[in-house]
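This report concerns only the one structure given below.
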Amino acid sequence: MKHLTNNLLNLVKVQCCICETNNIQHAGSGEDYEYDCSADIFSAVQCNTCGLVYLNPRPNVSEFEKIYPENYHAFDFSEEEFGFVHKIRSWLEAKRLLVFCQEVPTNGKILDVGCGDGFHLNLLRKYGKKSWTLEGIDMDKRAIEMAEKSGLVVHQGSVESIDLPANTYDLAFTIQTIEHVEKPDEVLKGIYKLLKPGGRLVIVTDNTDSLDFKFFKKRYWGGYHFPRHWNLFNKNSLSKLAQKTGFEVDLITTQVSPVNWVYTIHNWLVDKNAPGWLIKRFTLKSTVSLAAFTVLDIVLQKFKKGALLRAFLKKPI
């Protein structure tokens, strides 16, 4: 891979956030094939006890603005920018969100942890009950600025330290967020505190029991999203994380997504210095490749091997 930058990041060594040990084996390595934020080669390891896959060493939290550049997709996932892909994803995500919210009361309060530009909150505002109170939390001021432009209530900070009243929310969800955070256990503890007794948490994250991880984990797996995905789960490790933080596990299943498949091909092409026109056929804007891998992942979903995990957790009454 030819780098546009020679910059190196400040990296720190870490241990498994669930077991709090260093009983690991090497899983894979790779570079930032998507945004080329540095010339580092990153290493992913897997805990031999719980199965958690994590970046080690990983960037120091002080490097956030470098690893999440201005053009990072989650800061502005708009119809203007992503066109037909945005329309299809909006339709699919709206259906999923309404399933998550089935047990939310008429005057319920919903919290999106890691809300980014407010994509999911905007869908709930459009398709959900008008009586619901919708709020978000995000650490990045750039994402918050985009969310606030659409009139959403978004709090800046980390959920584990933010000043919000305890035992307040009926439902919290964190969609494609838990893999980005420094301490997933502290994040879940923070959410636990904010939920009402009996409140529910829905987590959607990448699945390391997927077929694409099995075949491409050595270097090109799209779910690594080097160096932005710091903790990656399978059913066992996610269940252990939930139990460690006090949650009851109602269900952990899988969910269809073509994104990691598409970016696996993208990463391989970038590493091989393929022509730009070909690389562009495998991005979040590539309707043909996204559609093709959606069909593949639908088939895998029937065998409970979908690309994403979806967990339904509950705070005990």
Side-chain angles (χ1 to χ4, degrees), residues 16-21 47 49-54 93 95-115 120-121 124 128-129 132-137 158-162 164-210 230-256 301 304-317:
C16 175
C17 67
I18 300 172
C19 303
E20 300 180 11
T21 66
C47 177
T49 304
C50 71
L52 179 76
V53 175
Y54 59 100
E93 290 296 302
K95 291 183 65 176
R96 289 167 175 167
L97 284 168
L98 292 177
V99 171
F100 300 167
C101 298
Q102 283 179 336
E103 297 185 21
V104 176
T106 301
N107 295 312
K109 299 192 72 172
I110 300 172
L111 184 66
D112 182 355
V113 179
C115 63
H120 293 97
L121 290 173
L124 278 179
K129 294 180 181 179
W132 286 340
T133 298
L134 307 176
E135 298 178 27
I137 295 176
S158 63
V159 69
E160 57 267 38
S161 61
I162 202 159
L164 288 174
N167 303 310
T168 297
Y169 297 91
D170 298 279
L171 172 72
F173 55 82
T174 174
I175 299 177
Q176 299 280 191
T177 297
I178 198 73
E179 62 273 16
H180 290 265
V181 304
E182 179 186 12
K183 298 177 179 178
D185 53 336
E186 295 300 321
V187 169
L188 261 64
K189 289 176 184 177
I191 296 172
Y192 185 97
K193 178 182 176 181
L194 297 178
L195 285 173
K196 294 177 180 178
R200 297 179 182 275
L201 169 62
V202 180
I203 299 173
V204 178
T205 189
D206 301 274
N207 179 19
T208 59
D209 272 342
S210 62
W230 292 0
N231 295 280
L232 295 154
F233 300 86
N234 57 23
K235 288 183 180 180
N236 181 65
S237 57
L238 190 54
S239 178
K240 287 184 178 296
L241 177 68
Q243 293 165 10
K244 178 180 180 179
T245 53
F247 281 98
E248 297 175 351
V249 178
D250 280 351
L251 175 68
I252 299 180
T253 184
T254 65
Q255 177 177 303
V256 171
Q301 173 70 3
K304 299 183 179 180
K305 290 292 182 180
L308 300 180
L309 286 176
R310 183 164 64 184
F312 295 87
L313 312 180
K314 182 179 179 181
K315 179 177 179 178
I317 297 175

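Note that the structure is a prediction, hence the values are computed from the model and not measured.
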Please report the shortest heavy-atom distance between [X] and [Y], naming the atom on each side.
{"X": "V204", "Y": "Q255", "answer": "CG1-NE2, 3.9 Å"}
{"X": "Y54", "Y": "T21", "answer": "OH-O, 4.0 Å"}
{"X": "Y192", "Y": "P316", "answer": "OH-CD, 3.6 Å"}
{"X": "A242", "Y": "V249", "answer": "CB-CG2, 3.8 Å"}
{"X": "I191", "Y": "A172", "answer": "CG2-CB, 3.7 Å"}
{"X": "L194", "Y": "P165", "answer": "CD2-O, 3.6 Å"}

Around atom [atom1] of [X], are there more than 12 heavy atoms of other residues, nucleotides or ligands at under 6.0 Å?
{"X": "K193", "atom1": "NZ", "value": "no"}
{"X": "K240", "atom1": "NZ", "value": "no"}
{"X": "K129", "atom1": "NZ", "value": "yes"}

What I'd like to find out is whether the side chain of [X] reaches to under 4.5 Å of the side chain of [Y], using heavy atoms alone.
{"X": "D206", "Y": "Q176", "answer": "yes"}
{"X": "I175", "Y": "L97", "answer": "yes"}
{"X": "E186", "Y": "V181", "answer": "no"}
{"X": "F233", "Y": "C50", "answer": "no"}
{"X": "N231", "Y": "L52", "answer": "yes"}
{"X": "L309", "Y": "I203", "answer": "no"}
{"X": "W230", "Y": "C17", "answer": "no"}
{"X": "L124", "Y": "C101", "answer": "yes"}

Between the side chain of [X] and the main-chain N/O of [Y], is any donor-acceptor distance below 3.5 Å?
{"X": "K235", "Y": "T253", "result": "no"}
{"X": "Q301", "Y": "T254", "result": "yes"}
{"X": "S210", "Y": "T208", "result": "no"}

Residue pair K244, E20: steps toward the salt bridge (Lys or Arg N to Asp or Glu O under 4.0 Å) verdict: CA-CA 11 Å; K244 178 180 180 179; E20 300 180 11; 2.9 Å; yes

Hey, what do you get for [atom1] ([X]) to [atom2] ([Y]), rounding to the nearest 0.5 Å?
{"X": "N236", "Y": "C47", "atom1": "CG", "atom2": "SG", "result": "9.5 Å"}
{"X": "I178", "Y": "L201", "atom1": "CD1", "atom2": "CG", "result": "8.0 Å"}
{"X": "T174", "Y": "L111", "atom1": "OG1", "atom2": "CG", "result": "9.5 Å"}
{"X": "F247", "Y": "L188", "atom1": "CZ", "atom2": "CG", "result": "5.0 Å"}
{"X": "I110", "Y": "L121", "atom1": "CD1", "atom2": "CG", "result": "8.5 Å"}
{"X": "L195", "Y": "K314", "atom1": "CG", "atom2": "NZ", "result": "12.0 Å"}

Which label fits H120 and F173: parallel for a plane angle under 30°, tilted from 30 to 60°, or perpendicular past 60°? perpendicular

Could you walk me through whether D185 and I18 pass side chain to side chain contact (heavy atoms under 4.5 Å, CB included), step by step? CA-CA 7 Å; D185 53 336; I18 300 172; over 6 Å; no

Just by distance, no angles: are the side chains of S237 and N234 close enough, under 3.5 Å, to form a donor-acceptor pair?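 Side-chain D/A pair, S237 to N234: present.
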
What residue pairs, at least two apart or across chains, pass salt bridge (charged side-chain N to carboxylate O under 4.0 Å, His left out) with a residue in residues 169-179? D170-K196

As a quick check of understanding, evaluate side chain to side chain contact (heavy atoms under 4.5 Å, CB included) for F100 and R310, giving each step before the final call. CA-CA 10 Å; F100 300 167; R310 183 164 64 184; 3.5 Å; yes

